[in-house]
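The structure appears below as structure tokens.
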Protein chains: 2
Amino acid sequence: MAGRAVYAKGIAKREEILGAALAVVAAQGYRGASVRDIADAAGLSPAGLLHYFGSKEELFVAILQARDEHDLRTYADQDATAAFLAVIRHNASVPGLVQLYAQLAAAAGDPAHPAHAYFRERTALLEEPFRELFAAAQERGEIRDDVDPGWIVRTLRVLADGLQSAWLVDPGIDMPAHIEQFLALLRPLPATAR
Amino acid sequence: MAGRAVYAKGIAKREEILGAALAVVAAQGYRGASVRDIADAAGLSPAGLLHYFGSKEELFVAILQARDEHDLRTYADQDATAAFLAVIRHNASVPGLVQLYAQLAAAAGDPAHPAHAYFRERTALLEEPFRELFAAAQERGEIRDDVDPGWIVRTLRVLADGLQSAWLVDPGIDMPAHIEQFLALLRPLPATAR
DNA sequence: GTCTATACGACGATAGAC
DNA sequence: GTCTATCGTCGTATAGAC
């Protein structure tokens, strides 16, 4: 069918633009990534680019959404905390993406910014299964039962986000090790200690 | 002396501009705060404003510096963790300032951005005394001695920064309570438990 | 649906007069 | 120290070609 072929081409072009945008951000930083630059890198006019994404801000949000979908596919079979750590570990190899994420996470404070709705949904969707997971781990006695699972999940998220911003400023920070230290703090003290 | 009067006027005008800039950010958000808007609010032309601060980015960094100095004066006499919590508590009443801080903390990932140097210095200066403080608390047995004081301090900073970004997206978050829960986790388990 | 060319208003910043 | 005038760049709306 002709309609399907055209549609498929649109999908492919969209992904090509997302890749070009990420490359420009990685090469020139978030500040230096103009719509014109990204359009050039994708072999398109600025107006052609905006035909797909509506605005620069929506384009950037679409990059994060594509990353989420990729991570979900890649780490779906693993244990949740292992997957979480794997994502953090992988992020240290894509500073451009981390910079984009940090910028949009800050911009999301403005309710009128497209990133606002994205982060609200993402947070709600991501936190729920993790909460149940930690509650189950508490019942198994694997982690302290005197802390609210909701607090644990929120802390992990906020810690990971803050760590990534801090890592951009000081790449010497070992993000996975930092997170693991926090997880270690949640384990109940052995009865034989002290 | 004439020289002194002129200098004093420059200082006063600088602070007036800082106040106007913060008011504009609070009213219109970080995105909506243009140099022209801020200059209007301060009763100045855009060029007149930039005479004092060089660039928009430096102006915003100057706001954070002024806040730091104010906080230092206000909470210097208190216990360090009490002061830390007091700042966090106060921040919940100035969302414009928090938004500005979150945006610049993300922008600091770019080494060419004025916020980069600011955050590097601030972090180094702030973390050192806190590290010694927690090390001392460990020797007194007030907090667990199996965690690195450097890790604690970095976690507190990163947690506070991340929490503020998250709070902008979801103002329902109780930032001080969240931090206090973390501090509670650092206390050694009582010997009588279990 | 896909895309280009053109144009517009707002932006941050600079030069130079006063 | 502060202005006006102006510059180049930005994001993006519009009109219309294919």
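Reminder, nothing fancy here: chain letters follow the sequence lines and each chain counts from 1.
Across every non-hydrogen atom of H113(A) and R31(B), the tightest pair is N-NH2, 3.4 Å. Contact between R144(A) and L185(A) at its shortest, heavy atoms only, is CD-O, 3.8 Å. The nearest pair of heavy atoms linking A166(A) to V158(B) is CB-CG2, 3.9 Å.
Distances from the side chain of L44(A) to the nucleotides dT12(D), dT2(C), dT4(C) place dT4(C) closest. If you check dT4(C), dA13(C), dG1(D) against the side chain of K9(B), the one that comes closest is dG1(D). Comparing dC10(D), dC11(C), dT12(D) against the side chain of V35(A) picks out dT12(D) as the nearest. Between dA13(C), dG11(D), dC3(C), one nucleotide has an atom nearer to the side chain of S45(A) than all others, and that is dC3(C).
For the pair D40(B) CG and dC11(C) P, the computed distance is 10 Å after rounding to whole Å. Nucleotide dT9(D) holds its P atom 19 Å from the NZ atom of K56(B), rounded to whole Å. Residue F53(A) contributes atom CZ, which lies 15 Å from atom C1' of dG1(C) at whole-angstrom precision. In this structure, E57(A) places its CD atom 10 Å from C1' of dG11(D), rounding to the nearest Å. Rounded to whole angstrom, the span from the CZ atom of R31(A) across to the P atom of dC10(D) amounts to 13 Å. Rounded to an integer number of Å, the gap from CZ of F60(B) to P of dC11(C) is 12 Å. Look at CG on L59(B): it is 12 Å from C1' on dG12(C), rounded to the nearest Å.
N91(A) and Q164(A) form a side-chain donor-acceptor contact under 3.5 Å, judged by distance and modelled atom types alone.
Classification of the F130(A)-F84(A) ring pair by plane angle, with boundaries at 30° and 60°, yields perpendicular.
Residue S55(B) has no polar side-chain atom (N or O) positioned under 4.0 Å from OP1 or OP2 of dG12(C). Distances shorter than 4.0 Å separate some side-chain N or O of H51(A) from OP1 or OP2 on dT2(C).
Each of G43(A) and R36(A) was assigned the nucleotide of DNA chain C with the nearest heavy atom; the assignment lying further toward the 5' end belongs to G43(A). Comparing L49(A) and P46(B) by the nucleotide of DNA chain C whose heavy atom lies nearest to each, the residue mapping closer to the 5' end is L49(A).
Taking the charged nitrogens against the carboxylate oxygens, K13(A) and E16(A) do have a contact shorter than 4.0 Å, which makes a salt bridge.
Within the 3.5 Å criterion, the main-chain N or O of T123(B) finds no donor-acceptor partner in the side chain of R157(B).
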Next on the checklist: So if I define the base as every atom that isn't primed, P, OP1 or OP2, how would nucleotides 13-18 of chain D read as a B/S/- string at a heavy-atom cutoff under 4.0 Å?
Outcome noted: -B----

